[in-house]
S.K.: 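Below is the structure I would like to discuss, written out as structure tokens.
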Amino acid sequence: MQRWSKLFIPTLREAPTDAEVASHKLLLRAGYIRQLGAGIYSYLPLGQRSLNKIIAIVRQEMDKIGQEFFLPALNPRELWEESGRWAGMGQNMFHLKDRKGAELCLAMTHEEVMTSIARNELRSYKQLPQIWYQIQTKFRDEPRPRSGLLRVRQFTMKDAYSFDIDAAGLDESYKKHYDTYCRIFKRCGMDFVAVDADSGAMGGSGSQEFMVYTDAGEDLIASSASGYAANLEKATSKLAPVEDLIPTGDTPELVHTPGFRTIDEVGSFLQTKSHHQLKTMAYIVEHPEADAKQIKTVGKTRAVVAFLRGDHQLNETKLAAIALGELRPMTPEEIAETFKAPAGYLGPIGLEAAPHPRKPGVLVVLDAALEGRKNLIAGANKEEYHLRNVTPGRDFKPTVIADIRNINEGELDPIGGEPLRLGKAVEIGHIFKLGYKYSESMGARVLDANGKEVMPIMGCYGIGIERILTAAIESSAAANAQLSAEDLNTKQPAGEQYALPAAIAPFEVIITITNVREADLLAAGEKIAADLEAAGVDVLLDDRDERAGVKFKDAELIGVPYRINIGKKLAEGQVELVDRLTQTTTDLPLDTITAYIQSLLNASKV
RNA sequence: CGGGGCGUAGCGCAGUCUGGUAGCGCACCUGGUUCGGGACCAGGGGGUCGGAGGUUCGAAUCCUCUCGCCCCGACCA
């Protein structure tokens with residue numbers, strides 16, 4: 001039996017000043033973790049119990065679709081040279097040398113190791129598909145570790161890799177992971193959304209991130225009641241129709257706009273709304289990952305010009321996906337060369353667009369929201385002048401028309417037409433169709449049914465173990481702060497209270513004996529604890545000789561979802577059950593408590 | 001890497017400007033009272049003031065260098 005008096009649970013009344021976000025403060029105060037360095041944490045017994053529970057759920061579900069490995073964290077340089085990621089990962093990977101001077105790295109992820117096993121061992125399509133996973137420590141030399149366990153340099157990740165004979169097989173493996181992830185996160189009690197994500201620099205055809213809304217998060221996502229959900233880098237929306245200006249003629253007309261450069265200035269000067277304007281943004285794209293052919297045709301760098309509605313914001317990731325490289329703003333010299341005009345008066349007319357993205361010339365991208373619009377106001381590429389009556393298609397032709405803008409809160413989702421909620425979120429899982437990147441670069445080949453050598457197609461799938469714990473605390477603390485705000489009698493400051501879902505809490509139940517010097521109370525506590533334990537419940541008995549107030553506070557701090565108070569009411573054969581998630585207290589007869597707890601826990605299981 | 005902030009007892013802080021015996025609250029130890037919402041009284045232990053160098057009769061305090069941590073940005077499967 002777990003007795004608090006014998007355990008190491010160093011709770012703190014005050015959190016160290018370093019801690020900023022709720023989960024960080026609470027994890028420290030509850031004695032779950034201690035910091036060793038920037039982005040490096042020790043997991044104390046309570047934290048370890050909780051993480052072990054998460055891992056057990058992940059393992060149980062993953063074993064249904066795959067097989068567990070344990071792979072080295074220490075990897076030789078040569079392996080990563082093969083995939084091109086020794087250099088590709090840059091400073092984000094920890095590098096070290098052994099005594100002989102051989103170079104090694106601490107693996108950030110395990111595509112290379114898994115693929116090397118696959119290429120050495122897999123020979124035939126008959127051996128496919130394979131789903132291989134592991135749960136282990138990853139190392140990333142983050143430029144800026146932050147927010148407690150949310151962004152760290154050493155953390156636990158479940159990562160899985162699938163190998164299939166063809167794209168249809170990959171689709172199946174991907175779907176299996178999607179379903180498994182939903183089960184895992186539900187069992188962990190997470191309130192999550194799966195969003196379409198940008199595939200990033202890794203390429204590939206499909207990618208979804210599993211997100212939990214929380215202000216502590218670093219990603220922006222959009223979702224709606226209809227079930228639509230997407231990363232801001234992918235999100236699109238239906239726009240309310242806007243009325244175009246009444247034209248003053250059939251062709252663009254110069255307007256003198258001395259000293260008016262910004263959208264707002266021009267808008268108020270010409271007495272028009274900002275959505276009547278065409279905004280011009282100029283970038284240079286550098287093609288670090290482009291193939292040789294691409295560089296040959298369009299050059300190592302290239303001018304990229306984006307046109308957006310005046311009141312819209314550019315999403316650089318969307319634009320970068322079209323431009324196939326990294327973007328940076330043009331310098332004034334580059335602007336002068338491209339437009340023959342100063343910033344503030346840039347516009348589409350007279351700009352020579354490349355006829356095709358793969359052809360040389362300026363890559364001109366018109367945001368889809370401007371398609372079909374008429375009589376816009378745009379820069380004239382002439383100092384102190386703008387143009388009115390500018391109509392895309394008629395007056396100028398872009399290289400491509402594409403969605404390159406950020407959506408806004410409240411716009412309607414493209415599927416169900418429900419208002420979109422925009423918010424910060426933390427990523428707890430990611431599933432990703434990798435394609436052939438590693439099979440190709442590392443030479444994995446199998447024979448297909450026709451005896452022909454083919455590359456297996458891969459997928460990779462990650463779950464951040466610590467992030468599940470962190471997100472659960474953030475969510476609960478936020479919900480609690482809201483409850484507290486509604487109940488003005490609560491003296492707890494916002495975000496100081498939380499409770500974990502029973503499935504991932506270090507204990508499911510805590511029994512608080514209000515006074516251990518009263519033999520009756522102590523005996524009753526021992527009895528209930530023993531009964532619960534016999535019934536398979538994970539119970540902690542607070543048998544410390546402390547004042548009741550201290551024990552209540554501590555019980556709340558460690559986030560255990562159910563608390564049984566044994567005190568005065570025992571004389572009437574009653575104990576109190578506090579449900580921390582709903583903040584309700586119920587008196588129950590002593591002899592029914594075990595069965596009642598069991599039914600509660602069963603009901604909370606998914 | 002750019003900007004900002006902070007390093008004084010386990011935690012939270014004062015003292016630094018204006019150099020002169022290193023302090024307070026919580027925690028911890030001992031004794032007593034108390035005992036359903038972070039008790040009270042009395043006594044006690046605990047600090048190379050992040051580190052190095054310098055100025056000075058004398059440095060937590062002034063100067064130089066350095067290390068670490070946090071926040072914003074950049075970055076980021």
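Quick caveat: nothing in here was measured; it's all calculated off a predicted structure. Order of the sequence lines sets the chain letters (A, B, ...), proteins ahead of strands, with each chain counted from 1.
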S.K.: Of the options G12(B), G38(B), A77(B), whose atoms approach the side-chain atoms of C460(A) most closely?
M.R.: A77(B)
S.K.: Taking the C1' atom in each of G15(B) and U8(B), what is the distance between them to the nearest angstrom?
M.R.: 9 Å
S.K.: Using the C1' atom as the reference point in each nucleotide, state the distance between G73(B) and G58(B) in Å, no decimals.
M.R.: 44 Å
S.K.: Take atom CD of E209(A) and atom P of C76(B), then tell me their distance rounded to the nearest Å.
M.R.: 14 Å
S.K.: Given atom CD1 of I40(A) and atom P of C70(B), what is their separation to the nearest angstrom?
M.R.: 10 Å
S.K.: Could you check whether E218(A) gets within reach of a base, just the sugar-phosphate, or nothing at all, counting any heavy atom under 4.0 Å?
M.R.: nothing
S.K.: Hunt down the Watson-Crick or G-U wobble partner of C69(B), both distances under 3.5 Å, from any strand shown, or write none.
M.R.: G5(B)
S.K.: Applying the Watson-Crick and G-U wobble criteria at under 3.5 Å, what pairs with G43(B)? Answer none if nothing qualifies.
M.R.: C29(B)
S.K.: Can you find an N or O donor on one side and an acceptor on the other, under 3.5 Å apart, linking the side chain of E576(A) with the base of G36(B)?
M.R.: yes
S.K.: Between G7(B) and G45(B), how far is it from one C1' atom to the other, in whole Å?
M.R.: 25 Å
S.K.: Let me know the distance between CD1 of I558(A) and C1' of G38(B), rounded to the nearest Å.
M.R.: 15 Å
S.K.: Rounded to whole Å, how long is the line connecting atom CZ of R144(A) with atom P of C76(B)?
M.R.: 15 Å
S.K.: Quick check: any donor-acceptor pair below 3.5 Å linking the side-chain of E556(A) to the base of G37(B)?
M.R.: yes
S.K.: Base, sugar-phosphate alone, or nothing: which one does L557(A) contact when heavy atoms must sit under 4.0 Å apart?
M.R.: base
S.K.: Measure from the side chain of R547(A), starting at C-beta and using heavy atoms only, and say which of C69(B), U34(B), A77(B) lies closest.
M.R.: U34(B)
S.K.: On RNA chain B, compare the nucleotides closest to K569(A) and P16(A); which residue's is nearer the 5' end?
M.R.: P16(A)
S.K.: Given the structure, check if the side chain of E14(A) and the base of A27(B) hold any donor-acceptor pair shorter than 3.5 Å.
M.R.: no
S.K.: Taking the same atom, P, in A42(B) and in G53(B), what whole-Å distance lies between them?
M.R.: 44 Å
S.K.: For residues F552(A) and T514(A), report the shortest heavy-atom separation together with the two atoms involved.
M.R.: CZ-CG2, 3.9 Å
S.K.: Classify A15(A) by what it touches in the nucleic acid, base, sugar-phosphate, or nothing, heavy-atom distance under 4.0 Å.
M.R.: sugar-phosphate
S.K.: To check you understand the geometry: which heavy-atom pair defines the closest contact between A477(A) and Y498(A), and what is its length?
M.R.: N-CB, 3.9 Å
S.K.: Quick one: R151(A) CZ to C70(B) C1', roughly how many Å, whole number?
M.R.: 16 Å
S.K.: Watson-Crick or G-U wobble partner for U61(B), using a 3.5 Å limit on both distances?
M.R.: none
S.K.: Starting at atom CZ of F552(A), determine the distance to atom P of A39(B), rounded to an integer number of angstrom.
M.R.: 12 Å
S.K.: With rounding to the closest Å, how many angstrom separate the P atoms on G23(B) and U48(B)?
M.R.: 15 Å
S.K.: When you get a sec, tell me which of C69(B), U34(B), G38(B) is the closest nucleotide to the side chain of K553(A)?
M.R.: G38(B)
S.K.: Please report the distance, rounded to the nearest Å, between CD1 in I566(A) and P in G37(B).
M.R.: 17 Å
S.K.: Any N or O donor-acceptor pair under 3.5 Å from the base of G36(B) to the side chain of N515(A)?
M.R.: no
S.K.: Would you mind pulling out the nucleotide paired to C13(B), Watson-Crick or G-U wobble, both distances under 3.5 Å?
M.R.: G23(B)
S.K.: Take T17(A) and T514(A), find for each the nucleotide of RNA chain B with the closest heavy atom, and name the residue whose nucleotide sits nearer the 5' end.
M.R.: T17(A)
S.K.: Using the C1' atom as the reference point in each nucleotide, state the distance between C41(B) and A60(B) in Å, no decimals.
M.R.: 34 Å
S.K.: Look at the rings of F139(A) and F94(A) and say which category their plane angle falls in: under 30° parallel, 30 to 60° tilted, over 60° perpendicular.
M.R.: perpendicular
S.K.: Using the P atom as the point on both nucleotides, what is the distance between C70(B) and C65(B), in whole Å?
M.R.: 24 Å
S.K.: Watson-Crick or G-U wobble partner for U55(B), using a 3.5 Å limit on both distances?
M.R.: none
S.K.: When all nucleic acid strands are considered with a 4.0 Å heavy-atom cut-off, which category describes S147(A): base, sugar-phosphate, or nothing?
M.R.: sugar-phosphate
S.K.: Relative to each other, are the rings of H24(A) and Y41(A) parallel, tilted or perpendicular (30° and 60° limits)?
M.R.: perpendicular
S.K.: Would you indicate what R544(A) reaches in the nucleic acid, counting non-hydrogen atoms under 4.0 angstrom: base, sugar-phosphate, or nothing?
M.R.: nothing
S.K.: Among C35(B), C69(B), A77(B), which nucleotide has an atom closest to any side-chain atom of D18(A)?
M.R.: C69(B)
S.K.: Starting from P on G36(B), measure out to CD1 on I511(A) and report it in whole angstrom.
M.R.: 19 Å
S.K.: Write down the partner of G37(B) under the Watson-Crick or G-U wobble criteria, each distance required to be under 3.5 Å.
M.R.: none
S.K.: So which nucleotide from C35(B), A74(B), G36(B) ends up closest to the side chain of P143(A)?
M.R.: A74(B)
S.K.: Restricting to non-hydrogen atoms, name the atom on E112(A) and the atom on Y438(A) that form the minimum distance, rounded to 0.1 Å.
M.R.: OE2-CE2, 3.7 Å
S.K.: Within a strict 4.5 Å, meaning less than it, do heavy atoms of the N406(A) and L314(A) side chains meet?
M.R.: no
S.K.: Verify salt bridge (Lys or Arg N to Asp or Glu O under 4.0 Å) between R467(A) and E474(A), making sure each step is shown before the conclusion.
M.R.: CA-CA 10 Å; R467(A) 282 189 173 183; E474(A) 289 291 341; over 6 Å; no
S.K.: Does this structure show an ion pair linking R3(A) with E526(A), if we count only N-O contacts that are shorter than 4.0 Å?
M.R.: yes
S.K.: If I compare all heavy atoms of Q497(A) with all of E556(A), which pair ends up nearest, and what's the gap?
M.R.: NE2-OE1, 4.0 Å
S.K.: Let's see if you can work this out: which of C11(B), A77(B), C71(B) has an atom nearest to the side-chain heavy atoms of R146(A)?
M.R.: C71(B)
S.K.: Could you let me know what C75(B) is paired to, Watson-Crick or G-U wobble, both distances under 3.5 Å, or none if it's on its own?
M.R.: none
S.K.: If we take the P atom in both A59(B) and C63(B), what is their distance in whole Å?
M.R.: 16 Å
S.K.: Taking N and O atoms by type only, does the side chain of Y161(A) place a donor or acceptor under 3.5 Å from a partner on the base of A77(B)?
M.R.: no
S.K.: Would you tell me if any nitrogen or oxygen in the side chain of Q91(A) comes within less than 4.0 Å of OP1 or OP2 on C1(B)?
M.R.: no
S.K.: Is it the case that the base of G38(B) and the side chain of R29(A) share a donor-acceptor contact (distance under 3.5 Å, atom types as modelled)?
M.R.: yes
S.K.: Heavy atoms only, 4.0 Å cut-off, all strands: where does G37(A) land among base, sugar-phosphate and nothing?
M.R.: sugar-phosphate
